[in-house]
Amino acid sequence: MNKVYVTTAIPYVNGAPHIGHAMDYCLADVYARYRRLCGDEVKFQAGVDEHGNKIFQKSKELGLPVADYVKENAEKFMDFVEKLGVSYTDFIRTTDVDHERRCQEIWRRLSDHIYKAKYEGWYCSGCERFITQKEYDENNGVCPDHQKPYEKLVEENYYLRIADFKDQIRGAIESGEMSVLPEFRKKEVLKLLEESPDVSVSRSVEQLTWGVPVPDDDSQVMYVWIDALSNYITILGYPDSDISEWWPAAAQFVGKDILRFHAIIWPAMLIGLGLPLPKVLLSHGFVLADGQKMSKSIGNVVDPIEVLDRHGLDAFRYYFLRHVDTFADSDFTWEKFEDAYNNELANDLGNLVQRLATLAMKNDVKLVEEPKFEMDAGYVELMDKFEFSKAFDYAWDKVQNLNKRIDEEKPWALAKNGETAKLQNCLRDLICGLLNVNYMLSPFIPGTTEKIFEIFAGGDIKPPRTPLFPKH
RNA sequence: CGCGGGGUAGAGCAGCCUGGUAGCUCGUUUGGCUCAUAACCAAAAGGUCGUUGGUUCAAAUCCAACCCCCGCAACCA
């Protein structure tokens, strides 16, 4: 039995959970459940990133103490994770005192690679903060809140010397010691790595108050990276305790937008700390709304809660794990979602369960012994390559095949002809087939597979009172 | 000349690396079945594979040029 550690990206909690977060959680959850199926012990992290100016300002706008505001948001995300049926074992908030203290220790241990230098950036004196180049461009150089042009401001910050680690990071990625998935992202990362400058890892307290203080320098506060990325190991107890039982992580799941930080800054930190790199860094794509990126300004944002409420959790997981490609961007439309629900969940799987259960009941078939389950080699191969949506396809093909077999073997005809023994065998075979597919589907739609197991493996078989996926 | 992905039946995609009768899912049409959630099974129709040129006995697949979409470009998953 292996010990397996799986992580998700920690969302910045200045807004409501959205579909992108759900993708990250669901993919990590499938992997965690799969590894448990393989007999491994899994530690599964989830959490929230709670520092930074945006959060601080938002709480001020709302007139709430910042501690209350972040707590409220953390709970929102915790609820969301629960709602998605994510089998996490640990939840981290970056405002946990243990995390903050451990971050400071991590900073100290990295101090050989940290130096002080001038930071130059666009600044709004109204907002009292630095803004990104992107924000600058979007607003044409004028702060929309204060109608004042941004000014160039220079201050002293700490920098992490990425240059110290480039060769080792490149080596780890190229050799597969840290495998970056999918392949096309790996190429991107290697290219980015070459031109990656040192990163600014602190801000002056005048600019940033809501963050972890830099040790031994009252004038500086940590700026996102060391604070946020450290969460993956501080939650394991680093550096207070030995984490080698769980670290390196078997897989870390991130969105494509933050891959670069996880593939460059994070490995740099780990190498600096003398820790091994995660075995797999998986970057998933975005969910598009009818071909377009979801954005508030376009107004095409799909609320995950609304999707969840439509047909329940497993319909949600089904769509986002099968019809949304594990690696590439994919589309969500309500029409596609409804089609998948009706044609696949209801007609393929739901109906299969219904007809088999009815056949078993009418002909008094039950399983004499607990069936043994096996994962097909093809399925295992895909799962091990993190090709989750393809593995799901693989299993679904078996569902459709069972429907085909029922038609071919015509158990109702055997019943009519009084071929009882043949009938019993036939149905038992089909049921075992279903339960075996069910087993392979369990990382994806665990609620449903549990119900199916109970229907067929619990003695007397009868169809569920209400269909698994009622049509609307 | 920033980087990357893509243009294949009405829709969504696979095939391209390792050239050789163009495949899958949904939708449409027809037939079959009756255990089942008007569900299931089978068959059919439907494509000059973005454009042009080249290599080759043979190109969706290799090469060149061009056209058109869409992402990313220091913190939006």
Side-chain angles (χ1 to χ4, degrees), chain A residues 8-12 14-15 17-25 27 49 52 54 121 130-135 137-138 184-185 187-188 191-192 195-197 199-200 223-225 228-229 253-262 264-265 283-288 291-297 301 304 322-323 325 327-331 333 335-336 339-340 342-363 390 393 396-397 400-416 423 427 430 463-464 466-472:
Chain A
T8 56
I10 52 173
Y12 196 59
N14 65 343
H18 61 75
I19 280 193
H21 301 123
M23 274 309 295
D24 204 56
Y25 292 137
L27 291 170
D49 176 12
K54 279 190 187 164
F130 282 101
I131 57 135
T132 62
Q133 184 64 44
K134 185 177 178 183
E135 215 172 335
D137 292 343
E138 273 172 4
F184 66 89
R185 294 280 177 226
K187 284 184 202 149
E188 268 176 36
K191 192 155 212 165
L192 273 168
E195 40 205 56
S196 194
V199 274
S200 162
Y223 175 64
V224 64
W225 306 123
L229 292 166
F253 292 81
V254 300
K256 66 174 185 181
D257 58 328
I258 52 171
L259 174 66
R260 46 173 49 208
F261 314 120
H262 285 79
I264 297 171
I265 304 175
S283 147
H284 61 257
F286 282 6
V287 178
L288 308 176
Q292 268 190 312
K293 190 165 175 176
M294 292 184 198
S295 90
K296 281 181 193 156
S297 48
V301 176
R322 179 152 188 243
H323 291 298
D325 188 278
F327 300 114
D329 291 356
S330 305
D331 217 25
T333 65
E335 196 190 350
K336 284 182 185 178
D339 280 352
N342 286 319
N343 297 331
E344 296 163 24
L345 281 173
N347 294 352
D348 289 347
L349 182 59
N351 184 49
L352 172 65
V353 166
Q354 206 74 17
R355 62 199 300 216
L356 258 186
T358 306
L359 280 165
M361 183 178 67
K362 286 189 177 168
N363 297 294
K390 290 200 173 80
D393 283 344
W396 206 263
D397 190 59
Q400 290 172 316
N401 198 257
L402 283 165
N403 272 320
K404 191 182 294 187
R405 271 181 60 194
I406 296 179
D407 273 67
E408 281 166 4
E409 296 177 22
K410 306 190 199 322
W412 53 89
L414 296 177
K416 208 175 265 178
L423 173 66
L427 287 179
L430 288 165
T466 47
L468 290 180
F469 300 101
K471 286 217 189 178
H472 296 281

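Chain letters run A, B, ... following the sequence lines, proteins first, then strands; residues in each count from 1.
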- Item | Atom-to-atom span, CG of A:Leu430 to C1' of B:rC40 - whole angstrom | 13 Å
- Message: Taking the minimum atom-to-atom distance to the side chain of A:Arg355, which one of B:rA77, B:rA36, B:rC41 wins?
- Response: B:rA36
- Task: Could you work out the separation of B:rU55 and B:rG19 based on their C1' atoms and round it to a whole Å?
- Result: 12 Å
- Message: What is the separation between atom NZ on A:Lys404 and atom P on B:rC24, rounded to the nearest whole Å?
- Response: 11 Å
- Below 4.0 angstrom, N of the basic side chain to O of the carboxylate: do A:Glu188 and A:Lys191 qualify? no
- Message: Can you tell me which nucleotide in B:rG71, B:rC76, B:rU25 comes closest to the side chain of A:Lys54?
- Response: B:rC76
- Note on the structure: Whole-Å distance, A:Asp397 CG to B:rA14 C1', equals 14 Å
- Task: Name the closest nucleotide to the A:Asn351 side chain, picking from B:rC35, B:rA36, B:rA74.
- Result: B:rA36
- Nearest of B:rC76, B:rA77, B:rA36 to any side-chain atom of A:Val287? B:rA77
- Message: Among B:rA36, B:rU37, B:rC40, which nucleotide has an atom closest to any side-chain atom of A:Ala346?
- Response: B:rU37
- Specify the separation, in whole Å, of atom CG of A:Asp339 and atom P of B:rG12. 13 Å
- Hey, which sits more toward the 5' end of RNA chain B by its nearest nucleotide, A:Lys256 or A:Phe286? A:Lys256
- Message: Using whole Å, what does the distance between atom C1' of nucleotide B:rU37 and atom CG of A:Leu356 come to?
- Response: 14 Å
- Message: For A:Lys336 and A:Leu468, find the nucleotide of RNA chain B closest to each by heavy atoms; which residue's nucleotide sits nearer the 5' end?
- Response: A:Lys336
- Message: Taking the minimum atom-to-atom distance to the side chain of A:Arg260, which one of B:rA73, B:rA77, B:rG4 wins?
- Response: B:rA73
